[in-house]
Amino acid sequence: MELWALSTVVLEHIDRPMKKHIVGNWKMNGSAAFTEALVSEISAGLSAAHAVVGVTPPSLYFSTAKSKATNGLLVGVQNCHEAESGAFTGEHSVSMIKDMSADFVIIGHSERRHVFGETDEQISAKVKAALSKGLPVILCVGEKLEERDAGSHEALVGTQTKSALNGVSAEQMSKVWVAYEPVWAIGTGRTASPEQAGAMHEVIRALLVELYGSEIAHKTPILYGGSVKPNNAEALLNTKGIDGALVGGASLKSDSFLAIINAAPKAE
Ligand code: PGA
């Protein structure tokens with residue numbers, strides 16, 4: 001192929017908008033019956049969906065969710081441990097998660113960082129453990145309010161992203177989605193404006209370009225999370241650089257979660 005033709009192909013690929021990625025993070029909510037009902041309702045609503053959609057129930061209900069998931073609904077877990085096995089009461093290894101046929105794992109959620117004290121180093125180890133076994137990762141990053149107020153939010157999110165991806169190969173990036181979740185917007189009803197979110201997504205994208213080059217950077221979905229609701233989803237999901245949403249509270253009801261999914265613009 002002529003060089004000019006090759007570069008056209010690459011550019012077309014980079015410019016092509018990707019399908020939006022919408023993931024529900026249920027956190028520690030629900031019951032077996034709730035999981036069955038919600039996964040069935042969401043699955044039924046996906047027949048005409050034009051987005052990549054996933055849910056992450058509590059791990060105890062993973063199999064219940066998986067058995068009810070249809071129409072391409074992905075089912076993931078909310079956390080993993082970096083060790084293969086051992087004396088880690090209450091934890092799950094990546095092999096165990098793979099064994100249950102999970103589609104992805106969320107790593108570095110702000111509640112893991114700030115409620116359970118996970119460090120950048122641990123998060124990096126978890127990311128590497130998951131990717132080394134081929135388990136796709138949703139890597140969460142995001143600043144606290146004081147860091148935004150101090151103007152250090154971009155540097156902080158850059159450091160979190162770089163640290164988590166340290167040692168991750170270009171090839172492994174095909175299994176990484178990033179979720180920008182400002183801590184001050186999570187569960188507070190105070191969402192980042194599309195401008196604030198879009199600006200941070202640009203910062204993250206630029207960092208990915210620096211680390212992996214333009215093509216990989218533009219193929220990596222960068223989701224926004226933090227009080228995404230049916231009434232703000234359309235504006236956020238139509239913002240340049242926002243490739244999807246990680247949804248907490250509004251993913252616990254099928255009507256609000258499906259409304260967010262349906263607010264996603266179609267990729268051409
Ligand atoms: P929220 O949670 O949508 O309830 O703010 C988002 C998250 O924590 O992933």
Side-chain angles (χ1 to χ4, degrees), residues 20-30 34-35 38 42 51-59 61-62 65 73-80 102-118 123 126-127 130 136-145 147-148 153 156-157 160-161 164 176-194 196-198 200-201 204 221-237 239 242-264:
K20 299 295 175 184
H21 292 55
I22 316 287
V23 177
N25 173 15
W26 294 10
K27 310 191 182 185
M28 196 173 73
N29 290 295
F34 173 96
T35 302
L38 185 51
I42 293 168
V52 177
V53 180
V55 291
T56 46
S59 293
Y61 303 130
F62 175 83
L73 180 67
L74 305 174
V75 185
V77 296
Q78 299 172 14
N79 184 29
C80 66
D103 296 303
F104 62 90
V105 57
I106 296 176
I107 295 178
H109 188 276
S110 75
E111 285 143 25
R112 299 300 317 172
R113 292 177 188 266
H114 303 303
V115 181
F116 297 98
E118 286 185 11
I123 289 160
K126 289 180 183 211
V127 169
V137 167
I138 300 182
L139 166 67
C140 300
V141 294
E143 81 284 0
K144 293 197 228 160
L145 186 57
E147 289 151 349
R148 178 160 283 267
H153 50 296
L156 187 279
V157 168
Q160 286 178 338
T161 310
V176 175
W177 307 355
V178 179
Y180 167 55
E181 298 205 306
V183 180
W184 47 271
I186 295 178
T188 58
R190 179 183 165 189
T191 185
S193 66
Q196 286 172 317
M200 187 63 90
H201 282 223
I204 296 169
I222 306 179
L223 284 55
Y224 167 78
S227 297
V228 177
K229 308 286 178 203
N231 65 0
N232 57 27
E234 194 177 341
L236 286 162
L237 293 170
T239 299
I242 298 186
D243 302 316
L246 184 53
V247 186
S251 73
L252 294 171
K253 285 197 174 131
S254 57
D255 56 354
S256 50
F257 192 51
L258 289 168
I260 291 170
I261 293 163
N262 289 329

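Because the structure is predicted, anything quoted here is derived from the model rather than measured. Keep in mind that the numbers below use all heavy atoms, side chains included, and drop hydrogens, waters and symmetry copies. Start at 1 and go down the list; that is how both ligands and their atoms are numbered.
- When each of L246, L236, L237 is checked for a side chain to side chain contact (heavy atoms under 4.5 Å, CB included) with V228, only L236 meets the rule.
- With ligand atoms numbered from 1 in the order given, ligand 1 contributes 2 (O), 7 (C), 8 (O) to contacts under 4.0 Å with heavy atoms of K27.
- Close approach of ligand 1 to S227 (heavy-atom distance below 4.0 Å) involves ligand atoms 1 (P), 3 (O), 5 (O).
- Neither the backbone nor the side chain of A250 has any atom closer than 4.0 Å to an atom of ligand 1 (non-hydrogen atoms only).
- Between G226 and ligand 1, a contact under 3.5 Å exists for no N or O pair.
- Between V23 and L74 the shortest side-chain heavy-atom distance does not fall below 4.5 Å.
- Within the listing of ligand 1, atoms 1 (P), 4 (O), 5 (O) sit less than 4.0 angstrom from a heavy atom of G187.
- Using a 4.5 Å cut-off on side-chain heavy atoms (C-beta onward), E147 and V157 make no contact.
- You'll find the side chain of T191 reaches within 4.5 Å of the side chain of Y224, heavy atoms only.
- Nearest non-hydrogen protein atom to atom 9 (O) of ligand 1 is E181 OE2, 2.7 Å.
- At a 3.5 angstrom cut-off on N or O pairs, E111 does not count as close to ligand 1.
- Looking at ligand 1, you won't find any N or O of T188 less than 3.5 Å from one of its N or O atoms.
- Atom 4 (O) of ligand 1 has as its closest protein heavy atom G249 N, 2.9 Å.
- Between F104 and V55, the shortest heavy-atom distance links the atoms CZ-O, 3.8 Å.
- Looking at N25 against ligand 1, only its side chain comes within 4.0 Å, counting heavy atoms.
- Using modelled atom types, one side-chain atom of D103 and one backbone atom of V75 make a donor-acceptor pair closer than 3.5 Å.
- Side-chain N/O atoms of Q78 and H109 include no donor and acceptor closer than 3.5 Å.
- Among all non-hydrogen protein atoms, the one lying nearest atom 3 (O) of ligand 1 is G248 N, 2.8 Å.
- The contact set between ligand 1 and A185, taken as ligand atoms under 4.0 Å from a residue heavy atom, comprises 5 (O).
- The ligand atoms of ligand 1 that sit less than 4.0 angstrom from a heavy atom of H109 are 7 (C), 8 (O), 9 (O).
- A distance of 10.5 Å separates OG1 of T239 from CD of E234, quoted to the nearest 0.5 Å.
- Taking 4.5 Å as the limit, some side-chain heavy atom of I186 sits within range of a side-chain heavy atom of E111.
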